[in-house]
Amino acid sequence: MAIAQDAYDRLRSVTESANARLIAVSKTKPIADIMALYEQGHRDFGENRVTELVDKYEALPKDINWHFIGHLQRNKVKYIAPFVHLIHAVDSLRLLREINKQAANNERSIPVLLQLHIAEEESKYGLTNAGANDLLTAMRSDPLPSVSIRGVMGMATYTDDEEQVRGEFRRLRTIFDQLKTQSFNDQPEFREISMGMSGDYPIALDEGSTMIRVGSMLFGER
Ligand SMILES: *Cc1c(COP(=O)(O)O)cnc(C)c1O
């Protein structure tokens, strides 16, 4: 097991020059791989399974910023609520309400992103543009004081067609801009666009990503 040092160095430099953050997606990878980056000062790691995240949280230094990037079931929010740094993939009001409840139980506020469905592929996950607007409208009459919506997240279609990927990222950026104007104009913390993975992060950065989530390029194939 080893990390790809040259890839890490390159990713650090491209994210720095784009003013973006690199989330090292460590799902399925061992503690030793995470420590190899931690020792170089890296603190942002992404996981997509609750039990794996909790195990790693318990085993690793407490100043790691843990990003939950996968689909989150409501009944599992309570396990990560005490420590999670950012939940990337909120796609329903019911999930957001549960996060709010568990955040309050832990006397904290939990930062989240709204996941938008931007790919051509069929997927069960992600809000439509209208769905995001409905959610925000519902929150006006039923505020959720213990969640902090920081921006949006999306995944492009898995394809070699760069123009398609670029178009999808551009759409996410447009949705972000609309939501910002309509609902978050007075909230500077609404500023994140989480998009870009190993296969498409250069395009994502080009289109305004503020967080790329990269796994296999750093840690090898899963
Ligand atoms: C696994 C995963 C990634 C990282 O994918 P790579 O292709 O390995 O870089 C990014 N985002 C999400 C939501 C993931 O599940």
Side-chain angles (χ1 to χ4, degrees), residues 1-15 18 20-30 33-34 36-37 42 44-56 64-73 76-77 80 84-92 95 99 111-127 150-162 164-166 168-169 171-173 175-176 192-222:
M1 280 293 114
I3 57 153
Q5 186 66 45
D6 51 343
Y8 179 59
D9 294 341
R10 194 169 62 248
L11 284 161
R12 253 174 56 162
S13 109
V14 297
T15 45
R21 257 206 283 178
L22 169 63
I23 316 303
V25 177
S26 49
K27 62 192 189 197
T28 78
K29 299 296 176 182
D33 286 6
I34 297 174
L37 289 189
H42 200 79
D44 289 284
F45 293 90
E47 292 284 337
N48 71 341
R49 300 224 184 281
V50 167
T51 41
E52 186 177 349
L53 172 53
V54 170
D55 288 347
K56 285 175 171 170
I64 287 178
N65 299 324
W66 288 109
H67 295 251
F68 194 81
I69 61 170
H71 179 69
L72 181 56
Q73 288 172 281
K76 295 192 175 161
V77 174
I80 63 170
V84 71
H85 177 72
L86 178 64
I87 297 175
H88 284 235
V90 171
D91 65 356
S92 76
L95 175 58
I99 295 170
V112 303
L113 304 178
L114 299 179
Q115 181 179 8
L116 274 297
H117 181 71
I118 52 168
E120 189 178 84
E121 292 156 346
E122 282 294 316
S123 163
K124 286 180 289 185
Y125 307 125
L127 294 156
R150 299 292 173 91
V152 297
M153 176 269 203
M155 289 165 87
T157 303
Y158 189 71
T159 169
D160 288 337
D161 183 345
E162 283 196 14
Q164 178 173 352
V165 171
R166 185 176 296 281
E168 291 171 0
F169 285 150
R171 212 160 73 72
L172 184 58
R173 169 69 193 265
I175 295 170
F176 169 85
E192 306 291 355
I193 305 178
S194 169
M195 61 184 186
M197 317 186 356
S198 293
D200 55 21
Y201 75 85
I203 307 172
L205 289 173
D206 223 34
E207 296 300 331
S209 172
T210 68
M211 287 183 174
I212 59 172
R213 311 175 309 268
V214 177
S216 48
M217 179 169 279
L218 281 171
F219 298 112
E221 293 299 323
R222 287 176 296 271

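Any value given below was found using the heavy atoms of this structure, including those in side chains, with hydrogens, waters and symmetry copies removed. Both ligands and their constituent atoms are indexed starting at 1 by order of listing.
Counting only heavy atoms of the protein, atom 13 (C) of ligand 1 lies nearest to Ile69 O, 3.5 Å. The nearest heavy-atom contact from the protein to atom 9 (O) of ligand 1 is Ser198 OG, 2.5 Å.
Here Arg166 does not pair with Glu162 in a salt bridge; the nearest charged N to carboxylate O distance is not below 4.0 Å.
Contact annotation: His88 has no heavy atom less than 4.0 Å from any atom of ligand 1. Using 4.0 Å as the threshold, Met217 has no heavy atom nearer than that to any atom of ligand 1.
The aromatic rings of His71 and Tyr125 lie parallel to each other, with less than 30° between the two planes, well short of the 60° mark.
By heavy-atom distance, the residue among Met195, Arg213, Arg49 lying nearest atom 11 (N) of ligand 1 is Arg213. Summarising the contacts of atom 14 (C) of ligand 1 with Lys27, Met155, Met197, the nearest heavy atom is found in Lys27.
On a distance-only criterion, Gly215 and ligand 1 share at least one N/O pair closer than 3.5 Å.
Within the 4.5 Å cutoff, no side-chain heavy atoms of Gln115 are placed close to those of Leu113.
Atom CD of Glu120 has 12 or fewer neighbouring heavy atoms from other residues, nucleotides or ligands inside a 6.0 Å radius.
Partner of Asp200 under the side chain to side chain contact (heavy atoms under 4.5 Å, CB included) criterion, out of Thr159, Val165, Leu205: Val165 alone.
Applying the 4.0 Å criterion to heavy atoms of Val214 picks out, from ligand 1, the atoms 9 (O).
Between the side chains of Thr210 and Glu192, at least one donor N or O lies within less than 3.5 Å of an accepting N or O.
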